[in-house]
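Since the structure comes first, as structure tokens, the remarks are kept for the end.
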Protein chains: 2
Amino acid sequence: MNIKDVSERTGLPSKTIRYYEDIGLITPARGENGYRKFSESDLHKLAFVGRARHLGFSIEDCRNLLALWGDNGRSSADVRAIAQSHLEQIEAKLKELAEMRDTLARLVHCCAGDNRPDCPILEDLAQTHI
Amino acid sequence: MNIKDVSERTGLPSKTIRYYEDIGLITPARGENGYRKFSESDLHKLAFVGRARHLGFSIEDCRNLLALWGDNGRSSADVRAIAQSHLEQIEAKLKELAEMRDTLARLVHCCAGDNRPDCPILEDLAQTHI
DNA sequence: GGTTGAGCTTCCAGTAGCTGGAAGCCCTAT
DNA sequence: ATAGGGCTTCCAGCTACTGGAAGCTCAACC
């Protein structure tokens with residue numbers, strides 16, 4: 001299968017698929033013309049990575065998850081540890097973003113948004129604690 | 001004032017302050033020895049940017065906010081538009097992250113996390129919709 | 001006066017995860 | 001034969017810094 005078909009079936013852009021080969025996530029075969037020839041296994045790996053990325057896992061996490069997926073002697077604890085750690089990072093990020101949202105929402109709400117210069121948003125940013 | 005003092009007073013790393021000069025957010029004066037000489041105005045601008053960044057504004061937003069801050073003829077509507085747009089992006093990101101968290105939390109919860117290979121996390125990632 | 005160490009400078013490279021574009025080969029259809 | 005689309009590689013750029021090397025400057029100490 002050529003790259004475009006793989007792209008359509010996995011939903012990943014061709015550029016991304018080439019990139020994933022570059023960094024060693026997959027190693028598709030090559031035809032005599034130099035074209036990549038993707039196997040069903042390549043396809044499954046790409047789809048796996050696509051879903052892991054969709055859940056926000058880093059490429060390095062994806063690499064480790066792929067390896068565990070292919071390792072019949074794995075311990076589910078290892079998988080769980082990766083997911084747990086990632087979950088904690090997401091929760092931290094969520095907290096940070098929620099704080100930003102609260103502050104911003106308050107400021108936006110307070111700002112008249114008219115043609116006068118007075119603006120609580122700028123006032124807040126300019127507050128000097130130096 | 002030298003860069004380290006500015007770093008301590010604003011909480012921004014020296015590297016970051018130099019970077020902000022590089023990209024034109026500030027233009028501190030120079031002493032005869034070539035050292036940057038920061039004015040109070042530079043300090044306030046850096047603190048302003050620091051707080052805007054803390055609220056997640058992009059550098060380009062910061063640049064625009066700085067310009068509006070320094071423009072007495074501004075309309076608060078322009079400031080509000082930047083903040084509103086940023087707020088919407090944060091809300092979108094929050095939603096995305098919350099979905100990730102929900103899925104991940106469910107998967108992590110379902111995974112035994114022992115020394116057996118069976119793992120609902122991998123099973124979920126490997127689900128073939130191709 | 002000399003030396004040492006900290007602080008300052010510039011410049012280059014690297015981070016994450018792609019993405020865009022250029023130059024050029026290959027394949028199929030007309 | 002030629003036109004087009006698809007494939008290839010390679011290089012550059014995106015965000016917002018950050019690390020490190022090489023080298024100048026300054027203040028302090030002997």
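Order of the sequence lines sets the chain letters (A, B, ...), proteins ahead of strands, with each chain counted from 1.
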Quiz item: Any donor-acceptor pair under 3.5 Å linking the side chain of A:S76 with the backbone of B:C119?
Solution: no

Self-check item: Donor-acceptor under 3.5 Å (A:H86 side chain, A:L55 main chain)
Solution: yes

Can a side chain N or O of [X] be found less than 4.0 Å away from OP1 or OP2 on [N]?
{"X": "B:K4", "N": "C:dG7", "result": "yes"}
{"X": "B:R36", "N": "C:dC8", "result": "no"}
{"X": "A:R53", "N": "C:dC18", "result": "yes"}
{"X": "A:N33", "N": "C:dC27", "result": "yes"}
{"X": "A:Y35", "N": "C:dC25", "result": "no"}

How many whole angstroms separate atom [atom1] of [X] from atom [atom2] of [N]?
{"X": "A:Y20", "N": "C:dG17", "atom1": "OH", "atom2": "C1'", "value": "7 Å"}
{"X": "B:K15", "N": "C:dC12", "atom1": "NZ", "atom2": "P", "value": "13 Å"}
{"X": "A:R63", "N": "C:dA16", "atom1": "CZ", "atom2": "C1'", "value": "12 Å"}
{"X": "A:D22", "N": "C:dA16", "atom1": "CG", "atom2": "C1'", "value": "14 Å"}
{"X": "B:F38", "N": "C:dC8", "atom1": "CZ", "atom2": "C1'", "value": "11 Å"}

Under 4.0 angstrom, heavy atoms only, what part of the nucleic acid is [X] near: base, sugar-phosphate, or nothing?
{"X": "B:F57", "value": "nothing"}
{"X": "A:S58", "value": "sugar-phosphate"}
{"X": "A:I3", "value": "sugar-phosphate"}

Self-check item: Sub-4.5 Å side-chain heavy-atom contact between B:R18 and B:R36
Solution: yes

Quiz item: Hey, which of these two, B:G34 or A:P13, hits DNA chain C nearer its 5' end, going by closest nucleotide?
Solution: B:G34

Self-check item: Distance, nearest 0.5 Å, that separates CG of B:L43 from CZ of B:R9
Solution: 4.5 Å

Quiz item: Does the side chain to side chain donor-acceptor pair (under 3.5 Å) test come out yes or no for B:S75 and B:D78, once each step is laid out?
Solution: CA-CA 6 Å; B:S75 299; B:D78 293 339; 4.6 Å; no

Quiz item: If you group Ile, Leu, Val, Met, Phe, Trp and Tyr by side-chain heavy-atom gaps below 4.5 Å, do B:I23 and B:I26 land in one group?
Solution: yes

Quiz item: Are A:Y35 and A:I3 connected in the hydrophobic side-chain network, where two residues link if heavy atoms are under 4.5 Å apart?
Solution: no

Exercise. Using a strict 4.0 Å threshold on nitrogen-to-oxygen distance, state whether B:E91 and A:R101 make a salt bridge.
Key: no

Quiz item: With the threshold set at 4.0 Å, does a side-chain nitrogen-carboxylate oxygen contact exist between A:E96 and B:K93?
Solution: no

Exercise. By nearest nucleotide on DNA chain D, pick out whichever of B:E60 and B:E32 is the more 5' one.
Key: B:E60

Practice problem: For A:D5 and for B:I59, locate the closest nucleotide of DNA chain D by heavy-atom distance; then report the residue assigned to the nucleotide nearer the 5' terminus. | Solution: A:D5

Quiz item: Between which nucleotides of DNA chain D, read 5' to 3', does contact with chain A run, using atoms under 4.0 Å from its heavy atoms?
Solution: D:dG6 to D:dC10

Practice problem: Please round to 10 degrees the angle between the axis of the first five pairs and the axis of the last five pairs in the helix from C:dG1-D:dC30 to C:dT30-D:dA1. | Solution: 30°

Quiz item: With no hydrogens and no angle check, do the side chains of A:E88 and A:Q84 hold a donor and an acceptor under 3.5 Å apart?
Solution: yes

